[in-house]
Amino acid sequence: MPREFPIGLTPPDWLVRNLRAQPAPVSRSAVVRAAIAIPLPLALGLATGRPDYGALAAMGALNGVISDTAAAYRVRIPTIAIPQLFGAVGITLGSLVHGHGWAAVAAVTGVALVSGMISTIGAVASVSGLLLLLTCVVGAGLPLPGAWWHAPLLMSGGGLLVLVLGLLAWPLRMGVPERSAVADTYRAVGELLRAVGGTSRAYDDARHAVTQSLNQSYDTVLAHRARQHGRSPELTRLLAQLNAITPVVESAPAAHLGGSPLPPEVPESVRHLASAVETGYTGPIGLKLPAPTTEATRAVDHALRHAAEVVTTPDVDPRGIDDRLGRPAALGIRAARALRNVTLSAASWRYGLRLALCIGLAQTLVSIIAVPRSYWVALTITFVLKPDFGSVFSRALLRALGTVAGLVIAAAVLAQVPRGWADVPTLLLLAPLIPAFTARGYGYQTAAITPVILLLSDVLNREGTDLLLPRLVDSLLGCAIALVAGYLLWPESWHTRVGDRLADAVDDTARYVESAFGPAAVDPPARARMRRGLYRNLSAIRTEFQRALTEPPPTGRRAAAWWPLVVAVERIVDATTAARVRVKHGAPPPSANEVTQVARQLRELAQGVREADTPYPVRTDLTGPPDSVLEPLRQEVAAARAITSPH
């Protein structure tokens, strides 16, 4: 019988959350690419008598493996190639200031400021900023072989090797990842319909899964089709299929509020549609749907039949397609918009200054105190101080633990594997662990990367096991600087990171209510875009809250106190959508006074969230006709306001 922890020794919840491995699928193709891309440059270097060049190219391949996160082929090009360009710039700048003392400190600190600011633009920019700073730190702290242009060329070549390997199957599997993404969204919607009428927890989880799947599918199909619009029948058809499933998603809240499960034929029909999407089938699909009996079931039936019609239509007119998230602007316009937002955004300046402060402190410290392999201190800070990658506190903790675990593996490798050709099969075994463990969590990724980077470092400097202790000391020192200067000195960061975003979402919800029923009601496509944008923001807030829950008190305690409100706001959006669906299918519309009252209460709630760090009492006196379509919405708003009262 297993022993239980004594009460005093029970680990805190935030620690358990940090150490728990994340259940996530492993991409076999990414594992294979890592197994080829990292050892191959080293083998070529050994074969040509320049193992140092091979090690640099393998480090570039390691950067490419870290960036290799996209499934769709056309998305892999920017997600891998653009960060490699920034990496080449970083290694060039770093090598130019190598050995120049305080000039190097100032240069790396300036690069840290720019890196932090551009990291706030988006996912690709975040990885680009990461590699810009990482390679700059390496170039400034490590003497590199060859002329100044050798290192950027070799590292970029290694990263682009990952891209080439990732694109090899494109001619044979063109469009397959996009179809799989849309089909997965249909399957997620099928699970949502299966959860209708069940427990609130099961329905909320299913709805969150649908939101994430829709975000991913729209990003894959829509966000990268600006130059293909109207010229790619495959992408046009997939976008039409995504738009067609949206009314099914909108009808689900109305059915769930009815309290009765849907007949099993309903979710089964969605799974049939998912199979048709994935295979490209355009033949007849005989939906075996029972006759609807209520407004909600009529909405589900109508939406499913429309989705089936779109899925089986072989040719779609691109002029009739509504881009539910807005059609992407031209690349130049998006770049100018991103530059303007970064320059004027307080959040980007705040993060950039935090990163620059930490990097500047690290570079100053190692310039004053002799620290072996001192550039590892700044490298550690660069990896840890990435709020868009997770909680700074959690990443510092997991970085330290992952480094210790990785050093155990590295000690065995450096002590037992002779230098030379034996390094190639060793990398062949270690490299696939990086993409395999990355999905499990940051600590696992660190444990996988550490022996690989130490083996490649040994090829460059031939210090063997003497690398182990400096790596541990530098990593712990970097974690300490990130925790103190990048986390503890910014106590207000929790509220700006989470509280203000939640308040903005509540304000957006009030506008959504008014756009659905008020005198300024918008057309269905605009309302769909508003709802999708609101759910996308709530999904990002939910993720940020889950990160905050991994931090120790007081941040974790604050997040736990406000967490139920996130779920409550999602239910408010659901109730609004359900009411709109019921009105569309015959229910009487609500009065203008009802709409105004609900919107006012939501704005008061948003103001309260914005002003408080902890929940506080608020009134919940919402009244109206009990048979109104807004009665469930009023109940959800009252529940949300009640959540903010201390228990």
Side-chain angles (χ1 to χ4, degrees), residues 120 122 204 207-208 210-212 214-215 218-219 222-223 246 249-250 252-253 322-326 337 341 345-347 495-546 548 559 562-581 590 592 594-612 615 618 622 630 632-641 643-644:
T120 62
D204 289 342
R207 181 196 55 216
H208 181 54
V210 168
T211 299
Q212 288 184 311
L214 276 170
N215 290 344
Y218 269 116
D219 285 344
L222 177 61
T246 300
V249 178
E250 292 176 343
D322 165 48
D323 288 349
R324 293 294 173 114
L325 292 182
R337 185 185 302 158
N341 292 341
S345 169
H495 201 274
T496 57
R497 199 174 88 229
V498 179
D500 287 348
R501 293 181 66 181
L502 179 58
D504 290 342
V506 177
D507 270 334
D508 290 342
T509 304
R511 284 191 289 273
Y512 177 60
V513 171
E514 291 173 334
S515 71
F517 302 106
V522 297
D523 58 4
R527 191 166 59 246
R529 285 193 295 270
M530 183 178 294
R531 186 187 65 82
R532 285 286 305 119
L534 185 53
Y535 270 126
R536 179 183 287 266
N537 291 340
L538 287 172
S539 179
I541 291 170
R542 175 187 280 256
T543 300
E544 196 60 61
F545 261 94
Q546 290 171 336
W562 288 108
W563 168 253
L565 186 59
V566 178
V567 179
V569 174
E570 292 174 337
R571 291 178 179 173
I572 288 171
V573 179
D574 266 357
T576 304
T577 303
R580 182 67 255 176
V581 169
E594 290 181 80
V595 176
T596 302
Q597 183 189 46
V598 169
R600 184 178 65 250
Q601 294 270 338
L602 284 171
R603 290 195 170 94
E604 290 178 2
L605 175 61
Q607 187 64 25
V609 173
R610 199 170 274 117
E611 294 176 351
V618 291
L622 274 167
L630 289 192
L633 176 58
R634 280 194 293 268
Q635 294 176 5
E636 295 294 349
V637 173
R641 292 177 66 92
I643 286 172
T644 61

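Residues passing the side-chain contact (heavy atoms from CB on, under 4.5 Å) test with S539 are H208, T211, Q212, N215, sequence neighbours excluded. In terms of the salt bridge (Lys or Arg N to Asp or Glu O under 4.0 Å) criterion, residue partners of R571 (sequence neighbours excluded) are, by chain and number, D204.
Distance CZ/R527 to CG/L534: 13.5 Å, rounded to 0.5 Å. Here CZ of R511 is found 11.0 Å from CG of L602. Values are rounded to the nearest 0.5 Å. Here the CD-CZ distance, from E570 to R207, works out to 4.5 Å after rounding to the nearest 0.5 Å. Between S515 atom OG and M530 atom CE the span is 4.0 Å, to the nearest 0.5 Å.
When all heavy atoms of A510 and A599 are compared, the pair lying nearest together is CB-O, 3.9 Å.
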Please report the C-alpha distance between N537 and D504 in whole Å, then the side-chain angles of each, then the deciding distance to 0.1 Å, and finally whether the side chain to side chain contact (heavy atoms under 4.5 Å, CB included) criterion is met.
-> CA-CA 9 Å; N537 291 340; D504 290 342; over 6 Å; no
Trace of the side chain to side chain contact (heavy atoms under 4.5 Å, CB included) decision for R634 with Q597 = CA-CA 9 Å; R634 280 194 293 268; Q597 183 189 46; 4.2 Å; yes
Intermediate values then yes/no, side chain to side chain contact (heavy atoms under 4.5 Å, CB included), F517 and L630 | CA-CA 10 Å; F517 302 106; L630 289 192; 3.7 Å; yes
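I572 places none of its side-chain heavy atoms less than 4.5 Å from the side chain of Y512. Between T576 and V598 the shortest side-chain heavy-atom distance does not fall below 4.5 Å. T246 places a side-chain heavy atom less than 4.5 Å from the side chain of R531. No side-chain heavy atom of E250 sits less than 4.5 Å from a side-chain heavy atom of R580. Proximity of R532 to Y218: side-chain heavy atoms (C-beta onward) are separated by under 4.5 Å at one or more points. R603 has its side chain within reach of D507: a pair of non-hydrogen atoms, C-beta onward, lies under 4.5 Å apart.
Screening D508, L633, L538 against V573 for a side-chain contact (heavy atoms from CB on, under 4.5 Å) leaves a single residue, L538.
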